[in-house]
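Notes for the one structure printed next.
The shown structure was predicted, so the numbers you read here are calculated from the model rather than taken from an experiment.
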There are 2 protein chains.
Amino acid sequence: MKFKRKNATINHYDFVLSQYYMELKEAKTLKDLAKITGFTESTISRTLNGIGTKYRISKDTQKKIIEAAKEADFSFNENARGLRLKKTLTIGFIVPDISNSFFAKMASLVEREARFHKYAIFLCDSDNSTEVEKSSITLLQKRKVDGIIVCPIGLESEHLVKLYKETPLVLVDRYFPQIDIPFVTSNDVLDSYKVVQHLISKGHRNIACIQGVEHTSQNDMRIEGYKKALKDNDIAFDPKLLIGNSFSEENGYNAAQQIIGMPKTKRPTAIFSLSSIITLGALKSFTEAGLKIPEDFSIVSFDEQEYSALLATPLTTIGQPKEEMGTKAFKMLLDQMDSEKKKNLKQKGVLLPTQLNFRDSIKAL
Amino acid sequence: MKFKRKNATINHYDFVLSQYYMELKEAKTLKDLAKITGFTESTISRTLNGIGTKYRISKDTQKKIIEAAKEADFSFNENARGLRLKKTLTIGFIVPDISNSFFAKMASLVEREARFHKYAIFLCDSDNSTEVEKSSITLLQKRKVDGIIVCPIGLESEHLVKLYKETPLVLVDRYFPQIDIPFVTSNDVLDSYKVVQHLISKGHRNIACIQGVEHTSQNDMRIEGYKKALKDNDIAFDPKLLIGNSFSEENGYNAAQQIIGMPKTKRPTAIFSLSSIITLGALKSFTEAGLKIPEDFSIVSFDEQEYSALLATPLTTIGQPKEEMGTKAFKMLLDQMDSEKKKNLKQKGVLLPTQLNFRDSIKAL
DNA sequence: TAATTTTGAACAAACGATTGTTCAAATATA
DNA sequence: TATATTTGAACAATCGTTTGTTCAAAATTA
């Protein structure tokens with residue numbers, strides 16, 4: 001193997017013994033490699049990017065360059081490349097709380113898809129705050145991500161509308177029905193209806209609902225199913241039985257306390273909890289009060305978890321396809337990022353079906 | 001407000017009405033801003049970076065620039081900046097499985113610390129594979145992250161040693177006792193000892209241990225405590241009671257099956273499970289077999305979860321300070337990245353204490 | 001008024017890569 | 001042999017910032 005160096009040529013033997021070999025080991029950039037091998041940066045760049053032949057770089061030269069790059073354990077600076085190409089091969093993923101297994105599970109699949117497609121992923125936790133959500137978006141834009149997946153807090157949307165004008169964007173979990181941004185979530189109406197219908201068929205007519213954040217799409221869908229089931233069975237909706245205001249354990253705990261405190265005659269016999277975290281809080285409250293499921297209260301919960309079937313009383317749950325949502329979200333984003341398709345791409349929202357798991361937490365009255 | 005434009009000056013009124021105002025709204029880069037305001041990129045850069053006065057840029061000029069930047073909703077391209085500054089304000093975080101709530105909880109705090117310190121964070125899931133772990137490291141290096149936090153798979157370390165020579169690095173959860181890379185994890189020996197000691201004090205002498213990946217630091221520490229407790233009570237360690245080979249639900253399930261299948265006389269009366277995921281698998285197996293905790297088996301588990309107290313039988317657990325580990329890890333990384341301190345920084349590993357939660361899953365014999 | 005100092009901002013190179021274009025040498029053709 | 005063509009790689013501009021240096025104009029001093 002021979003390497004050219006300004007007006008000089010040395011053979012491989014000399015090369016290995018020479019200082020150049022040591023230099024090669026230190027080569028970090030195209031410039032370094034150029035200096036050492038004697039070829040220019042453009043030649044090296046083209047070779048290593050696999051377009052050498054197209055630019056008539058000889059097989060011989062290419063071989064030398066590839067060997068040198070291997071020897072140097074060379075890899076491109078993706079920042080510089082992103083700057084030049086105006087494409088960074090990165091995406092952003094914003095979740096309200098990564099420690100919540102719901103979002104962690106989705107993150108797992110988003111990450112896997114991203115990895116598979118050579119994208120790196122910036123994780124942003126918006127800490128259940130729209131302000132942080134906004135600043136996370138700014139952060140991602142400064143880093144010139146190619147696209148963003150957001151699980152929005154769900155109360156404001158203007159900043160997302162603005163974002164969508166500038167960057168490929170997919171919303172997951174929550175979305176804004178009246179706004180034209182692609183989203184993927186689960187269709188919670190149907191199984192909410194079914195599960196409440198089931199409670200009613202077991203003789204329950206006084207059914208409380210512990211909700212999360214009001215007027216978020218998920219909350220609305222679940223309540224829609226709940227209300228429809230009541231209505232179809234001629235049960236008047238009682239606003240006093242719609243309790244709570246956040247998807248938190250604390251909210252579940254407090255709501256349960258409130259329910260426990262109701263006069264026995266008016267006390268609900270069943271509870272429809274809109275998230276697994278809320279349910280854990282409620283269960284904690286009941287446990288502390290010495291109340292049993294389903295003897296004292298029947299309960300059904302949104303969000304299936306690994307432990308749902310293993311709790312003191314195995315829980316009836318509605319499971320969402322978190323993994324599928326993560327996968328689908330990345331694929332939709334990829335479609336947007338793919339400049340070919342982008343032109344006349346008209347994406348809409350996707351509603352995936354949920355799954356019902358009937359277990360022992362419901363008592364027949 | 002007046003803006004200079006090559007040999008011309010216009011007042012604010014004209015400006016707003018003019019095309020320049022529209023241009024300003026479109027300004028994305030320093031160059032755009034320079035063209036519009038008439039100042040050079042260096043002047044604008046210095047002003048917006050707060051070092052304008054130091055470089056004798058007049059108050060008047062600075063004010064104009066700042067206003068224009070605000071009007072344009074200007075923000076720097078952090079990739080270009082990172083290229084020039086050789087500091088990207090990004091870190092990488094590699095976990096074996098982000099859908100595992102143990103790592104998700106840590107991620108939550110790592111992210112929070114990073115956000116607080118203006119760092120963006122690349123999330124990499126190594127999928128419990130050393131190969132993926134290695135390629136994740138390569139990915140992060142190509143992106144020129146300022147530092148990396150790794151929760152290693154735990155079997156190989158050479159690539160981490162190599163990495164540590166080039167990039168600030170902190171290991172979390174698992175580490176390599178014989179290798180000099182800073183780490184933060186919990187000291188699992190002590191509470192493992194205590195909890196097994198407790199089992200013994202309740203009359204158990206035949207105690208199985210369902211382990212995770214052999215020869216990982218966490219597994220070793222936990223078994224060390226287990227063995228020491230046995231020894232201190234003159235109970236011979238029986239290798240047949242050390243079962244399993246991964247931190248997975250499947251492993252827990254299979255190990256439990258194996259235990260169930262043992263002849264009654266030799267069957268352990270208690271089980272020490274080395275992770276919550278393993279425990280869930282084991283519980284599933286017991287539930288399917290109609291076996292009860294603690295009637296048929298006493299069980300203690302590593303890793304406290306929100307649901308631990310709410311399971312069919314509230315679990316006795318050893319809780320690790322995941323959040324604190326995340327926070328501490330980032331801080332240690334920050335110290336390494338801080339070039340001032342870096343010089344004579346000699347970091348060692350940190351072992352945080354665990355916490356014991358005694359609950360009903362242990363029967364006195 | 002002339003010389004000196006201060007002020008204010010422009011100039012230009014660099015970070016590491018990509019890419020359209022140029023251009024000399026080698027080969028083919030007339 | 002003279003000309004035309006092909007081959008192979010170099011050259012130079014660019015992406016968006018930062019920063020050491022230069023330099024004219026204004027202000028100060030002698």
| message | Mind checking if N79(A) touches a base, just sugar-phosphate, or nothing, with heavy atoms under 4.0 Å? | response | nothing
| query | Could you state the CD1-C1' distance from I65(B) to dG8(C), rounded to the nearest angstrom? | reply | 11 Å
| task | Test for a donor-acceptor pair under 3.5 Å between the base of dG20(D) and the side chain of R46(B), counting only N and O atoms. | result | yes
| note | Quick note, E41(B) side chain, CB onward, closest among dA9(C), dG8(D), dT18(D) is dT18(D)
| Is R143(A) side chain donor-acceptor paired with the dG16(D) base, going by distance under 3.5 Å alone? | no
| When you check the gap from the basic side-chain N to the acidic O, do R115(A) and D127(B) get nearer than 4.0 Å? | yes
| field | Contact nearer the 5' end of DNA chain D, comparing N49(B) with R84(A) | value | R84(A)
| message | Quick one, F122(A) and T90(B) - any side-chain contact, counting heavy atoms below 4.5 Å? | response | yes
| Note, H117(A) side chain near F330(A) side chain (heavy atom, < 4.5 Å) | yes
| said: Within the 4.0 Å heavy-atom criterion, would you say I57(B) contacts the bases, only the backbone, or no part of the nucleic acid? | reply: sugar-phosphate
| task | Whole angstrom is fine here: how far is it from CD1 in I44(B) over to C1' in dA9(C)? | result | 11 Å
| said: Nearest whole Å is fine: how far is dT18(D) P from L48(B) CG? | reply: 9 Å
| said: Among V110(B), I148(B), L334(B), which residue satisfies the side-chain contact (heavy atoms from CB on, under 4.5 Å) criterion with I91(B)? | reply: V110(B)
| field | Nucleotide nearest T43(B) (side chain, heavy atoms from C-beta), chosen from dA10(D), dT18(C), dA10(C) | value | dA10(C)
| field | Presence of T61(B) side-chain N/O under 4.0 Å of dG8(C) phosphate oxygens OP1/OP2 | value | no
| Salt-bridge criterion met for R81(B) and E78(B) (N-O under 4.0 Å) | yes
| In whole angstrom, what separates K87(B)'s NZ from dT19(D)'s C1'? | 18 Å
| remark: note: K35(B), atom NZ; dT17(D), atom P; distance rounded to Å ~ 13 Å
| Would you say T53(B) and I51(B) make side-chain contact, with heavy atoms under 4.5 Å? | no
| field | Rounded interatomic separation in angstrom, taking CG from D60(A) and C1' from dA9(D) | value | 13 Å
| task | Send over the distance from D32(A) CG to dA17(C) C1', rounded to a whole Å. | result | 13 Å
| query | Is there a donor N/O on one and an acceptor N/O on the other, under 3.5 Å, for the side chain of T29(A) and the base of dC15(C)? | reply | no
| How close or far is atom C1' of dT18(D) from atom OH of Y55(B), stated in whole angstroms? | 9 Å
| task | Indicate, yes or no, whether a donor-acceptor pair under 3.5 Å links the base of dC11(C) to the side chain of T40(B). | result | no
| task | Could you pick out which residue, S42(A) or L83(A), lies toward the 5' side of DNA chain C when each is mapped onto its nearest nucleotide? | result | L83(A)
| Below 4.0 Å: OP1/OP2 of dG16(D) and any side-chain N or O of K86(A) | yes
| request: For K59(A) and for A80(A), locate the closest nucleotide of DNA chain D by heavy-atom distance; then report the residue assigned to the nucleotide nearer the 5' terminus. | output: K59(A)
| field | Of the listed nucleotides dG8(C), dT17(D), dG8(D), the one nearest the side chain of R56(B) | value | dG8(C)
| remark: By nearest-nucleotide position on DNA chain C, the 5'-leaning member of R81(A) and K31(A) is K31(A)
